[in-house]
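Shown next, in structure tokens, is the structure this report addresses.
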Amino acid sequence: MSRAWREWLDRALEANPERPDALYLQLATVRPGGRPANRTIFFRGFLEPGPRLVFTTNAHSAKVAELAAQPWAEACWHFRTTREQFRIAGRVETVGARHPDAALRAERLRLWALQREDSRLTFAWPRPGLPRAGDPAFAVPAPDPALPAENFLLGLLAPDEVDYIDLRPALHERWRFAREAGGWRAERLNP
């Protein structure tokens, strides 16, 4: 039961393979001043050990600055087809070109190569979140698929708490999983 949340999540992902809710989830961070910030991210898979949830981001985005100041975040997935929700809380690490872990730098390179060209192009555009530049500022050459843009980062969410709820049964099923020194502790909760 200790890592049942991961088995349940894998099953939900398999049951929703072509649905956007299997690929996209929300990530909440903390803005300067303590206000929440929430946005949708694209799920890129899991990395072991952990498992760590992988996403990609632009180093110039607000979430990167928010995570640098406060690395705790929570992701939320809702699967409409299976009527399940997973809230995954933990610490987020970002991985750029100079990260000390060679394996993580290699994963960054691998994911850059897998990006569609239109997605890679967004890393060559003007900084996100600033006043809109004129349209010519966005007419840039496509980046090299073999050489990640400097501002292309991996985000790795290392879960330490997972709140799971299954809304299918009339009496909903809810569990909280918490990481402890020896593994994961599971606790059944009132829905």
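Numbers here simply count residues along the sequence, with the first being 1. None of these values were measured; they are calculated from a predicted model.
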*Find out if a path of hydrophobic residues (ILVMFWY) with successive side-chain heavy-atom gaps under 4.5 Å connects Leu154 to Leu109.*
no

*Heavy-atom distance under 4.5 Å between the side chains of Arg98 and Glu150, does that happen here?*
yes

_Looking only at side-chain N and O atoms, does Thr29 offer a donor or acceptor that is under 3.5 Å from a partner on Arg39?_
yes

*Atom CZ of Arg52 and atom CD of Glu107: how far apart are they, to the nearest 0.5 Å?*
9.5 Å

*asked:* Over 60° means perpendicular and under 30° means parallel, so tell me whether Tyr164 and Trp8 are parallel, tilted or perpendicular.
replied: tilted

*Decide whether Trp72 and Leu27 are clustered together by the hydrophobic rule: side chain heavy atoms of Ile, Leu, Val, Met, Phe, Trp, Tyr closer than 4.5 Å, transitively.*
no

*Are Phe152 and Leu121 grouped together when hydrophobic residues (ILVMFWY) are joined by side-chain heavy atoms under 4.5 angstrom apart?*
no

*Under 3.5 Å, side chain of Arg120 to main-chain N/O of Gln115, donor-acceptor pair present?*
yes

*Less than 4.5 Å apart, any side-chain heavy atom of Glu84 and any of Leu167?*
no

*Salt bridge between Glu48 and Arg6, side-chain N to carboxylate O under 4.0 Å?*
yes

*Could you state the interatomic distance from CZ (Phe55) to NZ (Lys63), rounded to the nearest 0.5 Å?*
6.5 Å

*Taking the side chain as every heavy atom from C-beta outward, state whether Arg188 and Glu173 have any pair of such atoms under 4.5 Å apart.*
yes

*Does a side-chain heavy-atom distance below 4.5 Å link Trp112 with Pro143?*
yes

_Can you tell me if Tyr24 has over 12 outside heavy atoms packed within less than 6.0 Å of its OH?_
no

*Should the ring pair Trp175 and Phe177 be called parallel, tilted or perpendicular, given that the plane angle runs from 0 to 90° and is split at 30 and 60?*
parallel

_Ser119 (side chain) donor-acceptor with Arg116 (main chain) under 3.5 angstrom_ = no

*Are Leu156 and Val92 grouped together when hydrophobic residues (ILVMFWY) are joined by side-chain heavy atoms under 4.5 angstrom apart?*
no

*Minimum heavy-atom distance between Ala73 and Leu157, given as atom pair plus value*: O-CD1, 4.2 Å

*OG1/Thr94 to CG/Leu104 distance, rounded to the nearest 0.5 angstrom?*
11.0 Å

*Would a 4.5 Å heavy-atom cut-off, applied to side chains only, mark Phe46 and Leu53 as touching?*
yes

*pair Ile88-Trp77: side-chain heavy atoms closer than 4.5 Å*: yes

*Can a salt bridge be assigned to the pair Arg87 and Asp163 using a cut-off of 4.0 Å between side-chain N and carboxylate O?*
yes

_Note, Thr56 side chain near Phe42 side chain (heavy atom, < 4.5 Å)_ = no

*With a 4.5 Å heavy-atom cut-off, do Leu171 and Pro191 have their side chains touching?*
yes

